[in-house]
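Here is how names work: the chains are called A, B, and so on, in the same order as the sequence lines, proteins then strands, and each is numbered from 1.
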Protein chains: 2
Amino acid sequence: MDTTQLLKGVLDLACLAALRDEDGYGYDILRRLRTAGLTEVGDASVYGTLRRLFNAGLLTTYVVPSDEGPHRKYYALNPAGRAELQRSGKTWHGFASTMDDLLRERETA
Amino acid sequence: MDTTQLLKGVLDLACLAALRDEDGYGYDILRRLRTAGLTEVGDASVYGTLRRLFNAGLLTTYVVPSDEGPHRKYYALNPAGRAELQRSGKTWHGFASTMDDLLRERETA
DNA sequence: CACACTACTTCGCGATACGAAGTAGTGTCA
DNA sequence: TGACACTACTTCGTATCGCGAAGTAGTGTG
């Protein structure tokens, strides 16, 4: 189900969104998400999600050696990833506004 | 973690919200949620969630026999439930706006 | 040389939403 | 009378997912 994915799989969306404007590697995306406000995201969750998105054919990947530490596995959105980002972004907004309706005082009803 | 609960357990919030203005029994709450827009919620999920909320001490319950079918197990918010509704409602809004920020075009950055 | 930070992987756990199936009461329609 | 549909709830097994813990490995600092 789509809704099922949404009820939990918000991290997918978040990772896709974090990659929209710029390629990034796992550790960096982790920082982006935490900076953005998802302060409690675990590192393993992000790495796992990125791998899942890659396996789903939504991301491309390439390894870049780094002078200041271990190599970095970069991820980038491919067309399918962008499509998915847009699609599930819409789903999210729909879901969020449904929840807002539910939470809004129903005095007017 | 709180965030963990949020990432998936939105159904809890939805059920609490559905009970805010009026007591309800499972099947009815299922309809409320579906009417509200959560069209794909499974019945077992709702029943399970209500039982979980009850076990967590957030709901009271009472059985009412019905003339037009099987008995109905009503649930009602108790003070703890109302507190939780408000608390996790806030958490939800915070989370939702974080997601909106992430999804919003970051051109201004 | 110990430690901290970066960067990623693997493993196992717990929570949970779901589908399927079952039980049971009422009403309808032939 | 019997088949069926709708209401109302329960139980069971499954899949997914986010997470913590642990491990590997490279770099820089005290």
Interface polar pairs with nucleotides 10-14 of chain D, N/O, under 3.5 angstrom:
from: D/dT10; atom 1: OP1; to: B/Lys73; atom 2: NZ; distance (Å): 2.5

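- Rounded to whole angstrom, the span from the CG atom of B/Leu11 across to the P atom of C/dC18 amounts to 6 Å.
- Checked against salt bridge (Lys or Arg N to Asp or Glu O under 4.0 Å), B/Arg34 has no partners two or more places apart in sequence or in another chain.
- With sequence neighbours left out, B/Tyr62 forms a ring pair (Phe, Tyr, Trp, His ring centres under 6.0 Å) with B/Tyr74.
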So what does the secondary structure string of DNA chain C come out as, 5' to 3', with Watson-Crick or wobble pairs under 3.5 angstrom, [ ] for crossing and | for pairs with another strand? ||||||||||||||||||||||||||||||
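- As rounded to whole Å, 15 Å separates atom C1' of C/dT16 from atom CG of B/Leu13.
- Close to C/dT16, at under 4.0 Å from its OP1 or OP2, lies a side-chain N or O of B/Arg52.
- Between A/Tyr25 and C/dA7 there is a side-chain N or O to OP1 or OP2 distance below 4.0 Å.
- One N or O on the side chain of B/Arg20 and one on the backbone of A/Arg104 form a donor-acceptor pair closer than 3.5 Å.
- The nearest whole Å value for the distance from the CG atom in B/Asp12 to the C1' atom in C/dT16 is 9 Å.
- At a threshold of 4.5 Å between non-hydrogen side-chain atoms, the residues A/Thr61 and A/Leu50 do not count as touching.
- Listed by first and then second residue, the salt bridge (Lys or Arg N to Asp or Glu O under 4.0 Å) pairs involving residues 64-74 of chain A are A/Glu68-A/Arg72 (not counting sequence neighbours).
- Under the rule for a salt bridge (Lys or Arg N to Asp or Glu O under 4.0 Å), A/Arg82 has no partner lying at least two apart in sequence or in another chain.
- We find that CG of A/Leu50 is positioned 14 Å from P of C/dA7, with the value rounded to whole Å.
- Residue B/Val63 shares its hydrophobic cluster (ILVMFWY side chains chained together at separations under 4.5 Å) with no other residue.
- Here the C1' atom of nucleotide C/dT26 and the OH atom of B/Tyr27 are 13 Å apart, to the nearest Å.
- Residues passing the side chain to side chain contact (heavy atoms under 4.5 Å, CB included) test with B/Thr98, sequence neighbours excluded: A/Leu38.
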Treating primed atoms plus P, OP1 and OP2 as sugar-phosphate and everything else as base, which nucleotides of nucleotides 24-30 of chain D get B, S or - for protein heavy atoms under 4.0 Å? -BBS---
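- Residue B/Leu30 contributes atom CG, which lies 11 Å from atom C1' of D/dC9 at whole-angstrom precision.
- In this structure B/Ala36 satisfies the side chain to side chain contact (heavy atoms under 4.5 Å, CB included) test together with A/Leu102, sequence neighbours excluded.
- Residues passing the side chain to side chain donor-acceptor pair (under 3.5 Å) test with A/Arg51, sequence neighbours excluded: none.
- For residues 56-65 of chain A, no residue pair satisfies the salt bridge (Lys or Arg N to Asp or Glu O under 4.0 Å) rule, not counting sequence neighbours.
- Mapping B/Tyr74 and A/Thr49 onto DNA chain D via the closest heavy atom, the residue that lands nearer the 5' end is B/Tyr74.
- Rounded to whole Å, atom C1' of D/dC19 lies 15 Å from atom CG of A/Leu33.
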